[in-house]
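Below is one structure, written out as structure tokens; the observations come after it.
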Amino acid sequence: MLGVKRTSGLPTDLKVCWQADLPDHVVALAWSPGGTVVAAAAVNGPMVLLDGPTGRVRHTLAGHDFGTTAIGFSRDGVHFASCGQDGMVRMWDQATGKERLALDGGAPWVERLAWCPTDCLLATSAGRKLRLWDPQGRLVREYPEHSSTIADIQWKPRSRELASASYGCVSLWTPDRSEPLRRFEWKGSQLVLVWSPDGKYLATGDQDCTVHFWIVQVGEDLQMSGYPRKVRELAWDCGSRFLATGGGDMPCVWDCSGKGPAGTTPKQLAGHEAAVSALAYQHSGPLLASGGDDGLLAVWQPSKSKKPLAASAQDSGLTCLAWSPDDKRVAAGLESGRVVVFH
């Protein structure tokens, strides 16, 4: 766990482990499962594979014409994939940095990708098309076309169920059938989708400045409203009790234990002077990292305090955050193109 603690009324300064620079603002970050590699993508396309402990550039990858949108490692860390605005899904050789496969995503812009947590399968979404691939580039399944653009996809933890969010609906799919297992309907435009780690809850951040929340087993849903901005930032804690949300200048943390957050108010974490732009809970610990357009990275333990444990002020806004697999380091991507790893 990241070793930070408050020694006075002020937060501790986070310590920089290393930093590296990309040619444009960082649109995506991913740690390899073993923590040996940090992958980072610039919004204009290029990507780098960085040494996890030192930040040394292992390989620079061409990425995607017009821009890279998402990156990710397979569960075993062997395979690395990316997608982008050239309509392609690409798989890369980590040893050489060379492109291994180029796959047609099915639309001019491939927005999302997600590796299955139990099988070596890659899900991609492009426009209304949801596709499933194996590491050899074979198309395992193309699901029926969605009625609207797919906003986000995410696999249920430790499961072969895949959730897709599109206008008015969240659908659940499996690799062995073309029709959805279940559908959760709601009239609204969703931007981002997250499963709780125990698989009991689904939450979406929405265009209308709300968060929608489903109890999956029974299909019951509720809505958190009152956000000043569209909600694009969501993060669950490892115990599936706390849901952190952006959508404003303060991270809001909802307690979803017991009967859930209905009728309650969230804990609001004051510290940012501009919109929250990224949120990430530790994989196994209680700490929440938040980044903002003000360039502030803050680390909190919301279950104990509304004050940050540690913080670092950067020279440009933060775009993405990712904890290392062992929770000892947190990587931050900046609008300036810099990647900074703190410990």
Side-chain angles (χ1 to χ4, degrees), residues 72 75 111-119 121-125 130 132 141 143-144 146-208 210-225 227 231-247 252-264 266 279-284 288 303:
R75 65 189 180 100
E111 180 71 19
R112 305 283 188 178
L113 61 76
W115 287 97
C116 180
T118 62
D119 300 70
L121 295 171
L122 177 68
T124 63
S125 64
L130 180 62
L132 205 59
R141 187 168 299 280
Y143 296 98
H146 285 55
S147 59
S148 61
T149 299
I150 301 168
D152 200 5
I153 56 175
Q154 191 176 85
W155 292 92
K156 182 179 180 180
R158 301 176 299 279
S159 172
R160 300 174 85 236
E161 288 185 29
L162 174 68
S164 64
S166 56
Y167 181 84
C169 184
V170 171
S171 303
L172 303 186
W173 313 86
T174 58
D176 55 357
R177 55 181 286 176
S178 293
E179 297 304 316
L181 284 177
R182 297 181 69 184
R183 292 169 63 91
F184 300 103
E185 296 185 356
W186 169 71
K187 295 297 183 183
S189 180
Q190 296 150 110
L191 302 172
V192 63
L193 166 75
V194 289
W195 284 93
S196 62
D198 62 8
K200 292 182 179 180
Y201 309 112
L202 270 170
T204 61
D206 305 319
Q207 182 85 15
D208 63 354
T210 65
V211 172
H212 216 75
F213 181 97
W214 282 271
I215 303 171
V216 174
Q217 184 175 2
V218 297
E220 181 182 343
D221 66 316
L222 55 93
Q223 183 170 286
M224 297 86 145
S225 58
Y227 293 93
V231 183
R232 301 180 184 273
E233 309 81 24
L234 297 175
W236 284 97
D237 84 305
C238 63
S240 302
R241 176 177 178 177
F242 298 108
L243 175 64
T245 64
C252 295
V253 181
W254 298 86
D255 188 341
C256 301
S257 61
K259 295 182 179 180
T264 68
L279 292 170
Y281 261 108
Q282 287 180 309
H283 305 287
S284 302
L288 171 70
S303 59

- Hey, does C116 have a side-chain heavy atom less than 4.5 Å from the side chain of R75?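 Contact flag for R75/C116 side chains = no.
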
Does the side chain of W173 come within less than 4.5 Å of I153's, by heavy atoms?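 Result no, sub-4.5 Å side-chain heavy-atom pair not found.
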
Could you tabulate the donor-acceptor pairs under 3.5 Å formed by side-chain atoms of residues 233-242, not counting sequence neighbours?
| from | atom 1 | to | atom 2 | distance (Å) |
| --- | --- | --- | --- | --- |
| E233 | OE1 | G247 | N | 3.0 |
| D237 | OD1 | S240 | N | 3.2 |
| D237 | OD1 | R241 | N | 2.8 |
| D237 | OD1 | F242 | N | 2.7 |
| D237 | OD2 | G239 | N | 3.3 |
| S240 | OG | D198 | N | 2.9 |
| S240 | OG | D198 | OD1 | 3.3 |
| R241 | NE | D255 | OD1 | 3.0 |
| R241 | NE | D255 | OD2 | 3.2 |
| R241 | NE | S257 | OG | 3.4 |
| R241 | NH2 | D255 | OD2 | 2.8 |

### Query
Yes or no on side-chain contact (heavy atoms from CB on, under 4.5 Å) for D206 and V231, after CA distance, side-chain angles and deciding distance?
CA-CA 5 Å; D206 305 319; V231 183; 6.0 Å; no

Distance in Å, [X] [atom1] paired with [Y] [atom2], rounded so as to fall on 0.5 Å steps:
X: I150; Y: L130; atom1: CD1; atom2: CG; result: 5.0 Å
X: F213; Y: Q223; atom1: CZ; atom2: CD; result: 13.0 Å
X: L279; Y: T245; atom1: CG; atom2: OG1; result: 7.5 Å
X: S164; Y: R112; atom1: OG; atom2: CZ; result: 12.5 Å
X: W214; Y: L172; atom1: CH2; atom2: CG; result: 10.5 Å
X: S284; Y: Q282; atom1: OG; atom2: CD; result: 8.0 Å

List the atom of [X], the atom of [Y], and the distance in Å for their closest heavy-atom pair.
X: P144; Y: E179; result: CG-OE2, 3.8 Å
X: P180; Y: S171; result: CB-CB, 4.4 Å
X: S166; Y: S148; result: CB-OG, 3.5 Å

For the pair [X] (side chain) and [Y] (backbone), establish whether a donor and an acceptor sit closer than 3.5 Å, ignoring hydrogens and angles.
X: Y143; Y: R177; value: no
X: Q154; Y: W195; value: yes
X: R158; Y: P197; value: yes
X: S189; Y: Q207; value: no

Do L243 and M224 pass the side-chain contact (heavy atoms from CB on, under 4.5 Å) test, and can you show the C-alpha distance, the side-chain angles, and the key distance before you say yes or no? CA-CA 11 Å; L243 175 64; M224 297 86 145; 4.3 Å; yes

My understanding is that only residues two or more places apart in sequence, or in another chain, count here; which of them pass salt bridge (Lys or Arg N to Asp or Glu O under 4.0 Å) with R160?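 Salt bridge (Lys or Arg N to Asp or Glu O under 4.0 Å) list for R160, sorted by chain: D119.
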
Q) Residues two or more places apart in sequence or in another chain: which of them pass salt bridge (Lys or Arg N to Asp or Glu O under 4.0 Å) with R232? A)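 Scan of R232 (salt bridge (Lys or Arg N to Asp or Glu O under 4.0 Å), adjacent residues dropped) gives none.
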
Requested in this report: Report the residue from Y227, Y201, F184, W186 that forms a ring-ring contact (aromatic ring centres under 6.0 Å, His included) with H212.
Outcome: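 Exactly one candidate clears the test, W186.
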
Set of side chain to side chain donor-acceptor pair (under 3.5 Å) partners for [X], sequence neighbours left out:
X: E111; answer: W109
X: R182; answer: none
X: S147; answer: none

Option passing side chain to side chain contact (heavy atoms under 4.5 Å, CB included) with P175 (candidates L162, T118, L132):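 Among the candidates, only L132 passes.
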
Quiz item: Between S178 and R141, does any side-chain donor sit less than 3.5 Å from a side-chain acceptor?
Solution: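 S178 vs R141: donor-acceptor pair found between side chains.
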
side-chain contact (heavy atoms from CB on, under 4.5 Å) for Q190 and D152? Distances and angles first, verdict last. CA-CA 8 Å; Q190 296 150 110; D152 200 5; over 6 Å; no

